*Asks:* 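I have a structure here, written as structure tokens, and I will follow up with some questions on it.
Remember, predicted model here, so these are calculated numbers, not experimental data. Just so you know, these numbers use all the heavy atoms, side chains as well, and skip hydrogens, waters and symmetry mates.
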Amino acid sequence: MSINLTLHTSPEVPLEAEVLCTDKLIGLTGSEIEKLPVEHGNRQVSVADFFTVKGSPDDSISIEGDLSKVKHLGAAMASGKLTISGNVGSHLGAGMTGGKILVEGDAGDWVAPEMQGGSVEIKGNAGHLVGSAYRGSPIGMSGGEILVHGDAKNEAGHAMRNGIIVIGGKSGDFAGVNMLAGSIFLLGETGIRIGAGMKRGTLVTMSKTSMLPTFSYSCRYQPAYLRMYLIYLQELGFSVSDEQLFGFYHRWCGDAIEMNRGEILAHDF
Amino acid sequence: MKIKSTHIDDTFAEAFKMWAARIVITAETKQWAMAAATSMTGFATSVIGCKCEAGIEAELVAEDTPDRRPGVSVLLFAMDVNGLGKRLVERVGQCVMTCPTTACYSGLESDETVVVGGQLRYFGDGFQISKKLRDNRLWRIPVMDGEFLVDERFGVQEAVGGGNIIILGKDSKSTLRAANAATKEMRKIEGVILPFPDGVVRSGSKVGSRYKSLMASTNEKFCPTLRGLQDDSLLDEGINCVLEIVIDGLDESSVEQAMKAGIYAAAKPGIRRISAGNYGGNLGQFKINLQDLLDS
């Protein structure tokens with residue numbers, strides 16, 4: 001039986017609850033979990049002040065309620081499964097190294113910043129800076145998968161070094177900014193200046209996108225590897241058409257202000 | 001034991017432990033996938049002279065390949081893991097990477113792997129790109145028609161080489177017909193290849209030679225032209241043509257299935273006996289008895 005937490009009192013200010021993570025709850029009883037400290041604004045309170053705890057611990061946790069003011073859920077998670085039935089606040093899965101986080105609703109800014117492994121799946125929309133580096137930090141996401149079925153705001157994959165980010169809906173400006181490596185799939189409409197400052201890595205866009213002048217056009221072709229990824233995305237529940245799967249892509253190389261080893265593959269309509 | 005008028009010898013095929021890899025080649029069309037597979041499996045009849053044995057296992061429809069393009073699966077066998085890795089790098093590099101539109105994937109799930117794409121990537125001269133999907137690393141190597149995509153590592157496993165049947169007929173025509181019928185049925189078995197030309201070998205060999213430099217030489221006991229010279233010839237009067245089918249498989253069971261299918265298909269009018277090659281049971285790790293096969 002898994003642990004189930006239900007939000008009974010909505011926090012008035014952000015509630016920082018990084019203790020609510022599979023690895024940190026293993027071995028604890030329900031009453032011990034209720035006594036764990038969380039930060040409500042500048043005051044330390046206990047889990048029980050906001051959540052009802054049921055069940056006995058194993059490697060999965062489910063949390064219910066409108067958690068849009070609850071931050072740092074699943075931070076540094078290494079294993080197990082965290083399911084959130086509702087919206088969730090910022091810094092979800094920050095620095096996680098393994099396990100799976102599933103959000104049935106929307107997520108705030110900073111989804112899985114500097115994530116190293118595991119999987120985060122957002123059924124709704126996500127905020128700014130999905131899988132990004134913290135300000136001043138040179139490397140963002142360095143492994144794992146972030147799957148956003150809805151829209152995402154600006155700077156998805158900022159300084160990303162490895163792994164996969166998929167945005168099923170619209171994406172904001174500067175997707176893949178300062179990207180070091182890895183793969184970002186933008187399946188919906190994209191914002192401006194995608195791939196700005198990227199050194200290596202791949203951005204795939206399925207919409208008409210204006211390229212920065214520091215990207216140079218190479219060719220129109222059918223990359224075999226891309227089909228394998230797109231088949232994988234289909235298996236994950238993303239909408240990928242046959243035209244996208246079997247079609248042609250324009251390859252742009254950039255960013256010339258950096259190493260110029262990155263690529264943007266833009267679907268040819 | 002007889003099948004119709006064909007006598008099945010009370011003997012066994014002596015097979016050996018080998019190492020194998022399955023290579024899945026895809027391309028824009030079936031023609032180009034087959035062109036790469038044919039090239040890759042050329043000069044790979046026997047480890048004695050070719051350092052490996054290889055053959056085409058099956059054609060694959062697009063739905064069954066990693067990139068949903070038409071494909072061909074090839075099995076390649078060598079005596080040890082190290083040798084298998086070297087042959088894979090050579091043959092994938094020279095025969096698959098060179099062939100238009102192809103991509104090349106490992107077709108075996110195994111804890112034991114050898115580096116293939118991880119070696120070939122250097123052909124990209126720094127422009128190669130690595131991608132990781134489902135914990136599997138792929139290399140994209142820029143080539144003149146786009147990119148050559150290849151798995152970094154290929155799974156390898158212990159396998160069985162040298163399973164065989166020997167078809168002894170009254171003349172060349174009936175023996176060839178029987179051999180063709182046998183190979184047709186044997187190719188339906190998953191996990192086996194027949195490494196010799198169109199699956200059939202006429203130059204069966206024995207270990208050693210009167211010439212010191214040769215590891216193997218003709219098996220005179222099965223040569224019809226020498227029957228009159230050999231007191232211990234294995235041919236009866238009226239046997240004027242002998243053909244052998246060698247089978248390499250991913251496991252003993254698949255080799256046995258192929259041998260059994262081949263024996264039944266080859267037992268035709270004009271075929272006096274079906275036998276098998278062995279070394280007295282002193283060399284190989286596997287002994288596959290023909291009569292046990294037919295009883296199973």
*Asks:* Please look at B:R140 and chain A and tell me whether the side chain, the backbone, both or neither of the residue comes under 4.5 angstrom of a heavy atom of that chain.
*Replies:*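 Contact with chain A involves the side chain of B:R140 alone.
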*Asks:* Could you tell me which of B:E147, B:K132, B:K131 has the largest number of non-hydrogen atom pairs under 4.5 Å with chain A?
*Replies:*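 Ranked by heavy-atom pairs under 4.5 Å with chain A, first place is B:K131.
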*Asks:* Would a distance-only check, ignoring hydrogens and angles, find a side-chain to backbone donor-acceptor pair under 3.5 Å from A:D255 to A:I257?
*Replies:*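 The answer is yes, because a donor-acceptor pair under 3.5 Å joins these two groups.
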*Asks:* Can you say whether A:Y229 sits under 4.5 Å from chain B via the side chain, the backbone, both, or neither, judging by heavy atoms?
*Replies:*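 Both backbone and side chain of A:Y229 come within 4.5 Å of chain B.
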*Asks:* Please look at A:I164 and chain B and tell me whether the side chain, the backbone, both or neither of the residue comes under 4.5 angstrom of a heavy atom of that chain.
*Replies:*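 Side chain only.
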*Asks:* Can you see whether B:Q128 engages B:W139 through a side-chain donor-acceptor pair at a distance of less than 3.5 angstrom?
*Replies:*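 No pair is found: no donor N or O on one side chain lies under 3.5 Å from an acceptor on the other.
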*Asks:* Given a strict heavy-atom distance threshold of 4.5 Å, which part of A:L226 is in contact with chain B: side chain, backbone, both, or neither?
*Replies:*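 A:L226 has no heavy atom closer than 4.5 Å to chain B.
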*Asks:* Are a donor atom and an acceptor atom from the side chains of B:Y105 and B:D67 found within less than 3.5 Å of each other?
*Replies:*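 Yes - a donor-acceptor pair under 3.5 Å links their side chains.
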*Asks:* For A:Q222, is it the side chain, the backbone, both, or neither that has a heavy atom closer than 4.5 Å to a heavy atom of chain B?
*Replies:*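 Contact with chain B: side chain only.
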*Asks:* Sort out for me which of A:R200, A:E263, A:E145, A:R261 touches chain B most, counting heavy-atom pairs under 4.5 Å.
*Replies:*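 Most heavy-atom pairs under 4.5 Å with chain B: A:E263.
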*Asks:* Checking B:L133 against chain A: side chain, backbone, both or neither under 4.5 Å from a heavy atom?
*Replies:*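 When you check distances to chain A, atoms from both the backbone and side chain of B:L133 fall under 4.5 Å.
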*Asks:* Quiz question: by atom type and distance under 3.5 Å, do the side chains of B:T113 and B:R153 form a donor-acceptor pair?
*Replies:*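 Checked: B:T113/B:R153 side chains pair up, N/O donor to acceptor below 3.5 Å.
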*Asks:* We want to know whether A:H91 and A:Y134 form a side-chain donor-acceptor pair, criterion being a heavy-atom distance below 3.5 angstrom.
*Replies:*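 The answer is yes; a qualifying pair exists.
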*Asks:* Using non-hydrogen atoms only, which part of A:T202 is less than 4.5 Å away from chain B: side chain, backbone, both, or neither?
*Replies:*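 Both parts, heavy atoms under 4.5 Å.
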*Asks:* Should B:K17 and B:E252 count as an ion pair when the cut-off is N to O under 4.0 Å?
*Replies:*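 No, no charged N to carboxylate O under 4.0 Å.
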*Asks:* When heavy-atom pairs shorter than 4.5 Å are enumerated against chain B, which of A:Y221, A:F246, A:Y225, A:Y232 gives the highest number?
*Replies:*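 Ranked by contacts with chain B, first place is A:Y225.
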*Asks:* Less than 3.5 Å apart, any donor N or O on the side chain of B:S73 or B:R22 sitting next to an acceptor on the other?
*Replies:*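 Per modelled atom types, B:S73 and B:R22 side chains form no pair under 3.5 Å.
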